[in-house]
Amino acid sequence: MIQVKEFIDTDNSYAVHKANEFLATLSEEQVVNVCYGSVMKSAPNGTAHQRSTILVVYKKITS
């Protein structure tokens with residue numbers, strides 16, 4: 001069964017850290033695709049923050 005899992009930044013490098021933790025639990029054969037997106041989000045005070053989203057498409061092993 002094909003599944004997806006999404007990781008979204010709420011802090012610096014949160015998505016990358018959590019996605020890498022999840023990927024470490026999978027075998028290479030289970031990973032179908034990994035997609036990455038990044039946007040700059042402006043705050044009212046004029047600062048900008050990068051936000052990342054990672055989508056992991058993988059094969060779920062069923063018993």
Side-chain angles (χ1 to χ4, degrees):
M1 172 185 285
I2 300 294
Q3 298 282 303
V4 296
K5 189 162 179 87
E6 182 179 46
F7 301 91
I8 301 172
D9 270 345
T10 55
D11 199 353
N12 283 348
S13 301
Y14 177 83
V16 172
H17 178 72
K18 288 298 183 181
N20 282 332
E21 281 183 348
F22 177 71
L23 287 167
T25 68
L26 302 176
S27 68
E28 282 191 37
E29 293 79 25
Q30 287 179 271
V31 179
V32 175
N33 198 2
V34 178
C35 303
Y36 176 84
S38 180
V39 297
M40 292 299 289
K41 189 168 187 167
S42 298
N45 66 1
T47 61
H49 301 280
Q50 181 177 334
R51 295 290 183 231
S52 301
T53 303
I54 299 171
L55 183 70
V56 177
V57 182
Y58 66 101
K59 295 177 187 173
K60 186 176 180 181
I61 296 176
T62 56
S63 308

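Just the heavy atoms: all of them, side chains too, but no hydrogens, waters or symmetry mates, feed the values below.
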### Message
Are Val56 and Leu23 packed together at the side-chain level, in the sense that at least one heavy-atom pair is separated by less than 4.5 angstrom?
### Response
yes
### Message
Checking Lys5 now: which residues fulfil salt bridge (charged side-chain N to carboxylate O under 4.0 Å, His left out) with it, not counting sequence neighbours?
### Response
none
### Message
Under a plain distance cut-off of 3.5 Å, with no hydrogens placed, do Tyr36 and Thr53 share a side-chain donor-acceptor pair?
### Response
no
### Task
Kindly say whether Ser52 contributes a backbone atom to a donor-acceptor pair with the side chain of Asp9 at under 3.5 angstrom?
yes
### Message
Using the ring-ring contact (aromatic ring centres under 6.0 Å, His included) criterion, which residues pair with Phe22? Sequence neighbours excluded.
### Response
Phe7, Tyr58
### Task
Quick one: pull up OG1 in Thr25 and CG in Asn20 and give me the separation to the nearest 0.5 Å.
11.0 Å
### Task
Might you point out which heavy atoms bring Ala15 and Ile8 nearest each other, and give the distance in Å?
CB-C, 4.0 Å
### Message
As a quick check of understanding, evaluate side chain to side chain contact (heavy atoms under 4.5 Å, CB included) for Gln30 and Ile61, giving each step before the final call.
### Response
CA-CA 8 Å; Gln30 287 179 271; Ile61 296 176; 3.6 Å; yes
### Message
With rounding to the nearest 0.5 angstrom, report the NZ to CD distance, Lys18 to Glu6.
### Response
15.5 Å
### Close side-chain approach of Val34 and Leu55, heavy atoms under 4.5 Å
no
### Message
Would you say Val4 ends up clustered with Val16 if hydrophobic residues are merged whenever their side chains have heavy atoms under 4.5 Å apart, either directly or through other cluster members?
### Response
no
### Query
Can you name the nearest heavy-atom pair linking Lys59 to Glu29, along with the distance?
CD-O, 4.0 Å
Could you tabulate the donor-acceptor pairs under 3.5 Å formed by side-chain atoms of residues 37-47, not counting sequence neighbours?
residue: Ser38; atom: OG; partner: Gln50; partner atom: NE2; Å: 2.8
residue: Asn45; atom: OD1; partner: Thr47; partner atom: N; Å: 3.0
residue: Asn45; atom: OD1; partner: Thr47; partner atom: OG1; Å: 2.8

